[in-house]
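Hydrogens, waters and symmetry mates are skipped; everything else that's a heavy atom, side chains included, is used. In what follows, chains are A, B, ... by sequence order, proteins preceding strands, each numbered from 1.
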Amino acid sequence: MSPSDFSRKLLAWYGKNRRDLPWRKTKDPYSILVSEIMLQQTQVDRVKEYYLRWIHEFPDISSLASADEEKVLTLWEGLGYYSRARNLHKTSIQLNSTGKNVPDSIEGLTSLPGIGPYTAAAVMSIAFNRDEPLVDANVERVFSRFFDVNHPVKSREAQDIFWKKAKQLLPSGQAGEYNQALMELGALICLKTNPLCDSCPVQDGCKALNLGLIDQRPISAPSKKTIQINMACGVLKKNGLFFIQKRQENDVWAGLWEFPGGRLKEDESPEKAVVREFMEETELAIHNVRPIATVKHSYMNYRVTLHGFFCDQYKKDQQPILHAAQDFRWVSAAELEEFAFPAGHRKLITLLKENAFTN
DNA sequence: AAGGCGTGGAT
DNA sequence: TATCCAAGCCT
């Protein structure tokens, strides 16, 4: 199958089977950039509502540039990898202050925080229709099978093959449609498990299919083993207001808000852990520790059982001294919606609101 | 350059 | 239930 056969068949298939996605209704570089940042390591179906809400709130570079960080992070809450939102915000401020628009060069784009080779090529091809090839996890899977690539997908060898093939197969003048078609094929047909090879427009040329090796491609690196941990956090309420603190930079959930807490030590009860963590993190003595709920959630390779408690300050006039946060606030239940929390703490907030009147 | 960085859907 | 991992980037 020649490169032109491959791209012709792929584009014909894409024309009939492409999904109706919100970011496919525009060529606005800023909107395309927003969608691409959101789509990094994230499933398409989850991005849709975030994208629409974001574009509604921040329709252009200047509106995003003038937004405050809390608003930016709140709109991103639940999507994960929050440095993406913070970098996008930084980028908008940078572009806005210099009076520029989204750069239309690979170098200009990759010089911006959070934009790497994939995202730069995606913006170049989709928004500006420049002939830039791209490789994402979909392309890695499609090419691993089509060319029967016998190397781990993230290895230097495999990456060299992927980018070389992507460039060779790219039909000049149609990069935007073609790149999306290639990723769409990976998303809809060339599935991780049980790929729909009978419906594949390029099945004739697929080497792994012809060799019966579809299930053995792509070759992925071994994943990290999951770690089970127990955590506890304390929802301190005083005069009808909740104590929250803003997480430090350069740590997981940087810039998000949380209730003080942490991991249980060996043979430590959740109640003891809350008291200890509160003292370590805020120097506040607490008592009257009473359960709200136990929440199960996960992040990265951690599986967390989070024990959430209401608690009271032992000395009401004592002021917090922060050791694990950069800021703190006392906020009402309603105001909890205006701050971004990690998913586990957000789950707990939902549950505590159901109990708000009994506590 | 190997590991950090989130979350929930799919299977 | 447990495991994998998605339109990656940064250090």
Side-chain angles (χ1 to χ4, degrees), chain A residues 18-19 21-24 32-51 73 76-88 90-91 109-127 132-142 152-156 159 162-163 166 176 178-188 190-195 215 218-228 247-256 258 295-304 340-347:
Chain A
R18 58 183 287 168
R19 286 171 292 180
L21 304 174
W23 47 90
R24 286 182 176 163
I32 298 298
L33 176 59
V34 169
S35 73
E36 290 301 336
I37 299 290
M38 284 187 172
L39 285 160
Q40 291 172 3
Q41 298 288 285
T42 309
Q43 291 157 343
V44 165
D45 284 338
R46 293 207 62 224
V47 169
K48 289 180 189 171
E49 66 172 293
Y50 284 91
Y51 171 82
L73 287 174
W76 205 273
E77 187 193 89
L79 258 193
Y81 289 134
Y82 297 93
S83 65
R84 294 182 296 170
R86 297 151 62 80
N87 283 334
L88 195 49
K90 278 183 207 160
T91 287
L109 285 161
T110 52
S111 73
L112 295 166
I115 301 182
Y118 163 79
T119 304
V123 171
M124 285 295 284
S125 61
I126 297 170
E132 291 291 344
L134 59 74
V135 174
D136 77 327
N138 288 301
V139 179
E140 288 172 355
R141 190 168 55 257
V142 170
V153 285
K154 299 301 179 188
S155 68
R156 181 72 196 194
Q159 288 295 318
F162 296 148
W163 283 92
Y178 170 79
N179 282 338
Q180 291 185 81
L182 195 51
M183 293 189 282
E184 196 83 333
L185 185 73
L188 301 181
C190 200
L191 308 173
K192 295 186 293 285
T193 55
N194 304 319
D215 291 341
I219 298 172
S220 53
S223 56
K224 295 189 66 177
K225 73 170 182 181
T226 60
I227 300 168
Q228 170 68 42
R247 293 183 59 86
Q248 289 171 333
E249 309 295 319
N250 306 319
D251 194 4
V252 66
W253 300 303
L256 274 67
E258 65 173 8
V295 171
K296 298 237 182 204
H297 70 112
S298 60
Y299 69 97
M300 311 309 300
N301 56 325
Y302 293 97
R303 303 292 167 266
V304 183
F341 288 83
H345 285 233
R346 178 53 71 187
K347 284 182 192 172

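One atom, CG of L79(A), and another, C1' of dT7(B), lie 8 Å apart when rounded to the nearest Å. Counting to the nearest Å, the C1' atom of dT3(C) and the OH atom of Y299(A) are 18 Å from each other. Summarising the geometry, the separation between OH on Y302(A) and P on dG4(B) is reported as 7 Å, rounded to the nearest angstrom. Atom CZ of R86(A) is separated from atom P of dC10(C) by 15 Å (rounded to the nearest Å). Taking atom CG on L33(A) and atom P on dG8(C), their separation rounds to 14 Å, with Å as the unit. Protein atom NZ of K296(A) is 8 Å distant from nucleotide atom P of dA2(C), rounded to whole Å. Residue L109(A) contributes atom CG, which lies 11 Å from atom P of dC9(C) at whole-angstrom precision. Remark: C1' of dG8(C) and CG of D136(A) are 9 Å apart, rounded to the nearest angstrom.
For the pair R86(A) and L73(A), the minimum side-chain heavy-atom distance is below 4.5 Å. M38(A) is not listed as a side-chain neighbour of L88(A), based on a closest heavy-atom distance of 4.5 Å or more.
The side-chain hydrogen bond (donor to acceptor under 3.5 Å, both in side chains) search around Q40(A) returns T119(A), not counting sequence neighbours.
With both ends at atom C1', the span from dA7(C) to dG3(B) equals 22 Å, rounded to whole Å. Comparing dG8(C) with dA1(B), their P atoms are spaced 22 Å from each other, to the whole Å. Going from the P atom of dC9(C) to that of dG8(B) covers 23 Å, rounded to whole Å.
Within the nucleic acid shown, A343(A) comes within 4.0 Å of sugar-phosphate atoms alone, with no base atom in reach, counting heavy atoms only. Using a 4.0 Å heavy-atom distance criterion, L21(A) is classed as a base contact. When heavy atoms are screened at a 4.0 angstrom cut-off, R24(A) is found touching base atoms of the nucleic acid. Residue W76(A) is out of contact with every strand shown, counting any heavy-atom pair closer than 4.0 Å.
Distance from the side chain of V44(A) is smallest for dA7(C) among the nucleotides dC5(C), dG6(B), dA7(C). You'll find that the side chain of N138(A) is closest to dA7(C), out of dA7(C), dC5(B), dT11(B). Here the side chain of D251(A) is nearest to one of dC5(B), dA7(C), dG8(B), namely dC5(B). Relative to the side chain of R141(A), the nucleotides dT7(B), dA7(C), dG8(B) differ in distance, and dA7(C) lies closest. For R84(A), whose side chain is taken as the heavy atoms from C-beta onward, the closest listed nucleotide among dG6(B), dG8(B), dG8(C) is dG6(B). Of all nucleotides listed (dA7(C), dG8(C), dT7(B)), dA7(C) comes nearest to the side chain of R19(A). When distances are taken from the side chain of T119(A) to each of dT7(B), dA6(C), dG8(C), the shortest belongs to dG8(C).
For DNA chain C, the residues of residues 218-227 of chain A within the heavy-atom distance limit of 4.0 Å (strictly under) are S220(A), S223(A), T226(A), sorted by number.
Nearer the 5' end of DNA chain B, as judged by each residue's closest nucleotide, is the contact made by Q40(A), out of Q40(A) and D45(A). Along DNA chain C, the nucleotide nearest A187(A) and the nucleotide nearest T110(A) are compared for position; the residue whose nucleotide lies closer to the 5' end is A187(A). In terms of position on DNA chain B, the residue among G80(A) and L191(A) whose nearest nucleotide sits closer to the 5' end is G80(A). Between G114(A) and W23(A), the residue anchored nearer the 5' end of DNA chain C, judged by the nucleotide with its closest heavy atom, is W23(A).
A donor-acceptor contact closer than 3.5 angstrom links the side chains of S125(A) and N179(A). A donor atom on one side chain and an acceptor atom on the other are found under 3.5 Å apart for T42(A) and R84(A).
Panel note: side chain Q159(A), backbone V153(A); a donor-acceptor pair is recorded below 3.5 Å. For the pair R303(A) (side chain) and S298(A) (backbone), a donor-acceptor distance under 3.5 Å is absent. Of the possible donor and acceptor atoms, none in the side chain of R46(A) sits under 3.5 Å from a partner among the backbone N and O of L79(A).
At the phosphate of dG4(B), neither OP1 nor OP2 sits under 4.0 Å from any side-chain N or O atom of W253(A). Dashed line: the shortest gap from a side-chain N or O of Q41(A) to OP1 or OP2 of dG8(C) is under 4.0 Å.
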| said: Working note: W76(A) + I37(A), criterion side chain to side chain contact (heavy atoms under 4.5 Å, CB included); need CA distance, chi angles, decisive distance, verdict. | reply: CA-CA 11 Å; W76(A) 205 273; I37(A) 299 290; 3.9 Å; yes
